[in-house]
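Presented below is the structure to which this report refers.
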Amino acid sequence: MFPVVVVHGGSDMVPKERSENSKLGVCSAARAGYAILRAGGSSMDAVVEAVSQLENNPYFNAGCGSVLNIRGEVEMDAIVMDGKTLGSGAVSAVRNIANPIQLARLVMDKTSHVCLTAKGANQFARSMGVAEVPPESLITEYARMRWTKNLAPGTDTGESQMGKMGTVGAVAVDSEGNVACATSTGGLVNKMEGRVGDTSCIGSGGYADNQVGAVSTTGHGEAIMKVTLARLILFHMEQGQSVEAASDLGLAYMESRVGGLGGVVTVDPQGHWAARFSSSQMAWAAAQKDTLHYGLLTGEEFTQSIDDRL
Ligand code: ASP
């Protein structure tokens, strides 16, 4: 079994001028996660590191760079899950935390709960010594521009949602065969205040079980929740499907049953991996056997040595 980490940067219609930075971002996050695995670290450490990097990268809809709700504010959701214990931690609707994924991990490690929300999550963060940052520091000019554009009368909000998402996530298997997942998002553009999507919902935004595998999802959260996409894909794997076929079956069901598009990264405990999407694009990268694989468009896959730079 060869350790692997697979990262996504959201099932998004990435504007041309941002596509290079999206690819660079997922590749460098996959490298960071892989460095941990290569040094014998755990899959949980690898996915949290990869996702923290993407949260810090303003080109993605998580942490700094999150999209804004209808009031022009950031509200973020995140989840982690450990396939060995089925332990999971999540936060939803948090506002002034730079790395919600690290807070989600603390919920898993330090509380008896699975998800903390809004004010309570912030209180918990304070009690753990997690720094709160000024909310404006998470807002990019690009996010504000999209928010303003979507406030214009006559904007087709359905259309603007489907094309402009960018949640981040990662799955990994370590040298001991433990799987883990992590997913983090700012949610949907101009969402209602208090809207919580799939990302922080166990089985929807992610799921990890050493007996089957791990999945991190992205896409239209309301659709993902209706079909519990991450768990649905693992169900297909339990039925004997490969990581790739199970991912495609889950995505196809979501599209035919509720009209939702999205993308996933999936691993099994043997180190097989897949990055699949029904949306038109998803920035993704995988690192295994000292090789980096990455792509953005359907059917696209570039390969290079892990030590070469793009
Ligand atoms: N799934 C996220 C949400 O609905 C959005 C995304 O994946 O970009 O909150």
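Just the heavy atoms: all of them, side chains too, but no hydrogens, waters or symmetry mates, feed the values below. On a predicted model such as this, the values are computed, not experimentally measured, just so you know. Ligands are counted one by one from 1 in listed order, and the atoms in each one are counted from 1 as well.
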(request) Return yes when atom CD of E193 has more than 12 non-hydrogen atoms of other residues, nucleotides or ligands closer than 6.0 Å, and no otherwise. (result) yes
(request) Report the part of R195 (side chain from C-beta onward, or backbone N, CA, C, O) that has a heavy atom under 4.0 Å from ligand 1; answer both or neither where that applies. (result) side chain
(request) Quickly, which of T217, V215, V171, V6 forms a side-chain contact (heavy atoms from CB on, under 4.5 Å) with T266? Name it, please. (result) V215
(request) Give a yes or no answer on whether the side chain of E300 reaches the backbone of L296 with a donor-acceptor pair at less than 3.5 Å. (result) yes
(message) Does ligand 1 come near enough to T167 that some N or O of the ligand is less than 3.5 Å from an N or O of the residue?
(response) yes
(message) At less than 4.0 angstrom from any non-hydrogen atom of D198, what atoms of ligand 1 do you find?
(response) 1 (N), 2 (C), 3 (C), 4 (O), 9 (O)
(message) Could you tell me if S242 and H272 have a donor-acceptor pair between their side chains, going purely by distance under 3.5 Å?
(response) no
(request) Decide whether N178 and D82 meet the rule of one side-chain donor and one side-chain acceptor closer than 3.5 Å. (result) no
(request) Using distance alone, determine whether T218 and ligand 1 share an N or O pair under 3.5 Å. (result) yes
(request) Salt-bridge test for D45 and R105: reply yes if a basic N is under 4.0 Å from a carboxylate O, no otherwise. (result) yes
(request) Would you check the N or O atoms of G197, main chain and side chain alike, for any that come under 3.5 Å of an N or O of ligand 1? (result) no
(request) State if G10 counts as touching ligand 1 under the rule of any non-hydrogen atom under 4.0 Å. (result) no
(request) List every atom of ligand 1 that sits less than 4.0 Å from any heavy atom of G187, numbering the atoms from 1 in the order shown and giving each element. (result) 9 (O)
